[in-house]
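Okay, structure first, notes after.
If you read the sequence from its start, that first residue is 1, and numbering goes on from there. In listed order, ligands and their atoms are each counted from 1.
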Amino acid sequence: MKDRAEVVIIGAGINGCALAYELAKRGKDVVVLEKHYICYGATGRCGAGIRQQWATKENALLAKKSVEIFERLSEELGYDIGLRQGGYLIAIHDEEEMRQAKKNVEMQRSIGLPVKIISPDEIKEIAPILDPEGMEAIAATFCPTDGHANPFKTTYAYARAAKKLGAKIYKFTEVKDIKVKDGKVEEVVTNRGKIKTKYVVNAAGAWSKEIAKMVGINMPNKPVRKEALVTEPIERLFDCMVISFKHGIYFSQQEEGQILGGIPSPEEKIGYYTEPTFSFLKHMAYMLGKYAPPLKHINILRQWTGFYDVTPDALPILGETNIEGFIQCNGFSGHGFMIAPMVAKLLAQLICQEKLDMPIDRLSMERFKGKITKEKAVVG
Ligand SMILES: Cc1cc2nc3c(=O)[nH]c(=O)nc-3n(C[C@H](O)[C@H](O)[C@H](O)COP(=O)(O)OP(=O)(O)OC[C@H]3O[C@@H](n4cnc5c(N)ncnc54)[C@H](O)[C@@H]3O)c2cc1C
């Protein structure tokens, strides 16, 4: 293992690998340290939905600019990431949700997103298997450029491209400590040796809080266990991701035909709990049948758990801290796959002292000192 690198990234999920690529592309000497293997964390357990329909402009812009990158990523990285843009259909259940949806759509359209509010009949036109009555939907919003990519292929494509440009990714290498001298990061201590560095990027997902503690930073993030399932593959029935903020459900049909989705478990827990629950399976199966009756009799193949790294306002924590060289890239609260391409680009610009494509100051930890505005468009 190298004993020196200009930038050390902790965590080889989508964010760590995408950032390694963006930095290597800019000629930086980068090392990624991963305590298990690429995609071990939330990235390898996620729905990998890509949604631009957010309530806050920060999330909407990060997602929109990421979609622009996703659209050319297979070509740029030289590997097919499995991007499919079948849209996101978000159920609207009552007048209160309709008021919020109208506000969201107005903001989303103002930044150029082709979002619209659709009727129950249009819901059925887009996805005939859906039952608006069973969904308890009075309408929905729909953005056709939203979609889905394969999280493994995307992350490995970034990792492979980063390595080709000289980045090193050390698997089974756990960060145990970070040495700080005169308010600056100096060295990262791992189970396989030490690395002197100028920048440490905390891209450790649900474990980011533990990493931040190593430099004396106390973060408000909480690891929350989330469950997901996948069914047997079936003939293609629909192309969009279906979600509901009220019910917390999301599901889509994968490229190979399986239905993949999740819903908050009745036994949802904060902390590093990894056991899957039967109550999740029962609840998800029941709700899936209500939303899409033809899926009632489909066989479930597998269920699993993963962590959301949840912040108090459901917005990520990005950028510099009061420890010089210690950069945050975490707090993605359940949507860190879809915004990773733009987050990586922005943090690479920050580290390379380039002009940022969009400001990220409002996403630093400083915001928690004042009144925060919670992102309302969260699911699961
Ligand atoms: C069930 C589920 C469904 C989801 N669905 C979606 C979705 O549809 N769309 C979307 O955008 N997002 C979704 N998410 C959220 C998304 O998966 C995450 O926000 C995103 O993958 C975070 O990526 P990351 O690279 O920041 O972190 P992670 O993928 O969690 O990677 C962090 C890595 O850091 C490593 N690490 C931790 N501590 C150390 C240490 N001390 N030393 C070395 N390495 C360490 C871990 O092993 C891990 O591999 C979902 C999440 C879950 C759990």
Side-chain angles (χ1 to χ4, degrees), residues 8-20 31-52 54 59 62-63 66 70 88 146-149 151-152 154-155 158-159 169-178 188-192 200-214 221 223-230 241 243 250-252 260-265 272 274 276 280 284 303-311 314 316-318 328-341 343-344 347 378-380:
V8 172
I9 298 170
I10 306 172
I14 182 68
N15 283 289
C17 293
L19 179 58
V31 159
V32 182
L33 303 176
E34 167 54 55
K35 74 174 163 181
H36 297 286
Y37 44 84
I38 295 173
C39 284
Y40 165 83
T43 302
R45 298 152 194 267
C46 78
I50 301 169
R51 158 162 73 100
Q52 303 158 96
W54 290 93
N59 269 337
L62 282 169
S66 291
F70 273 121
Y88 253 68
D146 287 347
H148 171 269
F152 297 98
T154 311
T155 309
Y158 265 128
I169 301 181
Y170 296 119
K171 293 178 269 180
F172 302 104
T173 306
E174 181 173 0
V175 173
K176 298 281 196 186
D177 198 8
I178 300 165
V188 179
V189 181
T190 79
N191 59 333
R192 295 178 57 207
V200 173
V201 181
N202 182 5
W207 300 271
S208 298
K209 197 182 166 85
E210 310 302 318
I211 298 294
K213 257 190 223 156
M214 295 175 186
N221 309 26
V224 180
R225 177 182 64 185
K226 292 286 169 183
E227 301 193 55
L229 62 76
V230 72
M241 173 80 89
I243 71 170
Y250 67 91
F251 61 94
S252 66
L260 190 152
I263 200 164
S265 158
Y272 296 106
T274 54
F280 159 76
M284 180 68 190
Q303 80 181 108
W304 63 90
T305 63
F307 298 116
Y308 277 11
D309 174 30
V310 178
T311 60
I317 297 177
L318 302 178
Q328 302 279 22
C329 175
N330 50 65
F332 292 105
S333 309
H335 48 276
F337 178 77
M338 62 184 78
I339 58 175
V343 163
L347 292 184
V378 282
V379 69

For [atom], closest protein heavy-atom neighbour:
| atom | value |
| --- | --- |
| atom 51 (C) of ligand 1 | Y308 CE1, 3.4 Å |
| atom 53 (C) of ligand 1 | G306 C, 3.6 Å |
| atom 28 (P) of ligand 1 | A42 N, 3.7 Å |
| atom 19 (O) of ligand 1 | G336 N, 2.8 Å |
| atom 23 (O) of ligand 1 | T43 OG1, 3.2 Å |

Minimum non-hydrogen distance to [atom], winning option of [options]:
| atom | options | result |
| --- | --- | --- |
| atom 50 (C) of ligand 1 | C46, C17, A12 | C46 |
| atom 44 (N) of ligand 1 | R45, K209, K35 | K35 |
| atom 8 (O) of ligand 1 | G49, C329, G331 | G49 |
| atom 42 (N) of ligand 1 | V175, V188, L33 | V175 |

Classify the side-chain pair R225/T305 by whether it contains a donor and acceptor separated by less than 3.5 Å.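 T305 and R225 do not have a side-chain donor-acceptor pair below 3.5 Å.
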Parallel, tilted or perpendicular: rings of W54 and H335 (30°, 60°):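 Rings of H335 and W54: tilted, as their planes differ by 30° to 60°.
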Fit a plane to each ring of W207 and Y272, take the angle between them on a 0 to 90° scale, and name the class: parallel (under 30°), tilted (30 to 60°) or perpendicular (over 60°).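 Aromatic pair W207/Y272 classed parallel.
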V343 side chain reached by F332 side chain, heavy atoms, under 4.5 Å: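 F332 reaches V343 side chain to side chain.
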Within a strict 4.5 Å, meaning less than it, do heavy atoms of the F152 and T43 side chains meet?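 Answer no - side chains too far apart.
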Of the non-hydrogen atoms in A48 and A149, which two are nearest, and what is the gap between them?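 Looking at all heavy atoms of both residues, the closest pair is CB-O, 3.1 Å.
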